[in-house]
Amino acid sequence: MLRLALIGNPNSGKTTLFNLLTGSRARVGNFPGVTVEKTSRALRGRPDVELTDLPGVYSLSPYTAEELVTRDFLMDERPDAVINIIDCTAAERGLYLTLQLLSLGLPTVVAFNMADELRAGGGRIDTGVFSKALGVRCIAVSALQRTGIRALTDAAVRAAREGSASALFPYTGACAFAVRELRGAVASISEAAGVPSLFAARKLLEGDAPLETRLHLTAAQRALLERRRADVAQAVGCDCESAMIDNVYRFITTLCQTALQRAASPAVKLSLRADRLLTGRWTGLPIFAAVMALVFYLTFGPLGRGLSELAGRGVDWLAQLLETLLCDINVNSVLRALVIDGLVRGVGSVVSFLPTIAILFTLLSMLEDSGYMARAAFITDRALSRIGLSGSSFAPLLLGFGCTVPAVMAARTVPDARSRRLTVLLLPFVSCSAKLPVLALFAAAFFRRPALALFFLYTASIAVGILAALVLKKTLFRAAASPFVMELPPYRLPALRTTVQYIRQRIGDFVRKAFSVILFASLVVWFLQTFDFRLRLVASPADSMLADIGGALSVLFYPLGWRDWRLTAALITGLTAKEAVLSTLAVLTGAETGVAVSALFPSVPAAAAFCVFVLLYPPCAAAMAAVRRETSGRFALGLFAFQTAVAYLCAMLVFRVGLWLS
Ligand code: GDP
């Protein structure tokens with residue numbers, strides 16, 4: 001089996017190429033920092049070749065989690081060949097990584113991606129010149145338009161079989177002298193430690209502390225290193241690390257001048273003008289708020305609601321049809337109730353929100369693919385820094401609107417540990433899509449303008465999160481967040497394929513969950529409400545074991561205004577998956593309408609308090625497991641307790657204020 005690795009800068013089109021080469025469906029986004037883990041898959045049509053997608057990085061320094069994963073993989077696992085993808089509209093930055101890669105001595109092919117964009121802007125690339133200068137095959141490709149892909153895989157497989165690497169030595173002057181001498185001095189220990197000597201020499205001169213530790217330099221070698229660093233600094237007139245970087249960039253600039261032509265396209269000017277408006281000090285935030293309000297309006301306004309009602313009617317129709325059918329064939333009443341109340345009502349209550357979810361994610365995915373969300377990260381950076389975070393937390397927080405599980409994992413891209421933990425702790429305040437059906441039902445049942453009510457609920461949840469962050473910043477999470485540096489990706493027309501694929505994945509997840517966890521939860525709820533503790537069929541659910549359990553625990557919620565055991569039961573099942581709150585209520589009331597649910601509450605303030613409690617109480621089991629995996633068991637327990645306390649206090653506050661107002 002041949003092992004290939006795919007490596008490139010964030011946003012160079014790596015995921016698009018990986019999906020194309022392997023036929024997988026990883027998430028593509030016009031947003032740096034979406035892939036954190038490495039994934040391996042067989043090449044499409046070549047089961048004997050495996051491709052590993054590594055996290056996007058700008059260099060092989062040991063500073064971020066992505067860099068560490070990538071560098072350790074390349075040094076320790078040494079793939080047979082590397083496909084290095086470069087965005088040829090920003091080739092210099094991509095080549096900086098390429099030159100580090102080449103010093104690792106691995107067989108490599110370079111894919112200059114986005115050749116379509118370069119050509120459309122009137123530019124041209126001479127891959128022949130690049131191939132000759134770098135000493136490896138360079139190919140122009142477009143992952144989006146699927147050109148040059150066959151040539152790329154053929155070249156990569158050939159490079160892996162031949163096993164020959166580039167002998168490029170791009171340094172000049174004092175840097176070249178220092179690299180050569182150090183390379184000779186550390187060659188034996190670095191090769192023994194599995195680190196190619198050219199890479200070792202270069203990185204040591206750049207002050208790579210973890211590598212120094214890994215190599216166990218002798219005192220003499222350390223002294224030589226310090227001498228050479230001082231020599232370079234003196235010769236160039238700046239510190240050694242900057243001198244080395246500058247030296248490499250000189251090589252790259254000269255090369256790009258001869259082999260790459262970029263016409264100053266009007267698109268660049270337009271993009272700069274758009275950025276001035278969209279990221280402007282006074283215009284950025286209001287535009288962002290307006291865009292989000294529009295997204296909400298389209299999702300929860302007449303369009304989304306209409307479609308969801310239609311789906312709801314479909315579920316009713318199916319329930320009636322099945323009821324008649326089961327009556328006709330004389331199925332006994334318990335089994336009939338199991339199918340209608342347990343299966344159709346439970347799962348149907350959740351599935352009827354599919355259109356709303358589809359609209360929300362189509363819009364968010366298009367906004368992200370267009371490059372706007374990266375601007376949003378930039379404009380929210382200042383606001384986030386006030387609560388102890390930075391723009392680097394924006395991507396995980398945004399993912400949180402979808403599902404908390406990948407959002408917790410994406411928090412790995414936050415560079416410092418303190419901000420990372422704070423991001424994870426605040427994620428439950430971003431309402432995930434599973435809470436949406438529950439909140440939407442309540443909004444429709446209790447408010448005249450449901451879209452506005454939902455917008456308010458989402459914003460209120462974020463506001464509570466901000467308050468919590470401010471308190472935590474002053475107490476448990478002191479110290480400043482590290483500065484946020486992010487490159488703004490170019491604006492692009494959202495690719496239809498990316499959007500469709502993303503939506504398909506989201507809907508797939510949603511439906512899968514509806515027919516597994518939710519189905520199971522609905523069946524358990526149906527069982528618990530149909531029998532008592534002696535497993536006797538009960539005449540009314542009020543005598544069932546679920547009523548006993550829910551009734552006992554309901555005491556806890558008296559201060560929040562509701563007493564009905566069915567609400568308590570729904571909250572408990574909601575800990576397995578948030579949609580289960582709704583499916584449980586549907587099973588227990590025998591309908592998925594707001595009217596049936598509103599009958600459970602003694603007053604509107606109590607219903608509002610319940611809504612707030614659902615909005616803020618701890619995330620589902622899968623999310624808690626992710627938190628535990630990414631942090632620690634103690635941290636996850638703390639998060640659970642914290643969320644419960646915040647939800648309880650806020651719900652009580654809403655109930656009291658509501659009573660006082662009414
Ligand atoms: P990654 O961050 O490196 O994994 O990059 P993605 O695969 O997520 O792609 C980043 C953005 O570039 C997305 O908006 C893609 O649709 C777009 N993209 C990827 N490849 C190409 C290409 O060959 N041409 C053009 N025009 N856009 C591309």
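Order of appearance sets the numbers: ligands from 1, and atoms from 1 within every ligand. Values below: all heavy atoms of this structure, side chains included; hydrogens, waters and symmetry mates excluded. These numbers were taken from a predicted model, which means no experiment stands behind them.
Checking side-chain atoms of Ser131 against main-chain N and O of Cys138 turns up a donor-acceptor pair under 3.5 Å. Of the possible polar contacts, one joining the Ser461 side chain to the Phe429 backbone as a donor-acceptor pair under 3.5 Å is found. Judged by distance alone, with hydrogens and angles left aside, the side-chain atoms of Asn84 form a donor-acceptor pair with the main-chain N or O of Ile7 at under 3.5 Å. Using modelled atom types, no side-chain atom of Thr89 and backbone atom of Asp87 make a donor-acceptor pair closer than 3.5 Å.
Taking every heavy atom of Asp116 and a limit of under 4.0 angstrom, the matching atoms of ligand 1 come to 22 (C), 23 (O), 24 (N), 25 (C), 26 (N). Near Glu117, the atoms of ligand 1 lying under 4.0 angstrom from a non-hydrogen atom of the residue are 25 (C), 26 (N). For ligand 1, the atoms lying closer than 4.0 Å to a non-hydrogen atom of Asn9 are 3 (O).
In this structure, Met244 places its CE atom where more than 12 heavy-atom neighbours from other residues, nucleotides or ligands lie under 6.0 Å away.
Here Tyr249 and Tyr96 bring their ring centres to under 6.0 angstrom of each other.
With a heavy-atom cut-off of 4.0 Å, Val141 does not touch ligand 1 at all. Heavy atoms of Asn113 found under 4.0 angstrom from ligand 1 belong exclusively to the side chain. Here Asn11 has heavy atoms under 4.0 Å from ligand 1 in both its backbone and its side chain. Of the heavy atoms in Lys14, both backbone and side-chain atoms come closer than 4.0 Å to ligand 1.
Residue contacts with ligand 1: Leu144 is placed with a nitrogen or oxygen under 3.5 Å of a nitrogen or oxygen of the ligand (distance criterion only). Looking at ligand 1, you won't find any N or O of Pro10 less than 3.5 Å from one of its N or O atoms.
The closest approach between any non-hydrogen atom of Gly56 and ligand 1 is not below 4.0 Å.
Using bins of under 30°, 30° to 60° and over 60° for the plane-to-plane angle, the ring pair Phe401/Tyr458 lands in the parallel bin.
Compare Ala111, Pro55, Ala143 by their heavy atoms: the one nearest to atom 23 (O) of ligand 1 is in Ala143. Summarising the contacts of atom 6 (P) of ligand 1 with Ile85, Asp87, Thr16, the nearest heavy atom is found in Thr16.
With rounding to the nearest 0.5 angstrom, the CG atom of Leu422 is 10.0 Å from the CG atom of Leu427.
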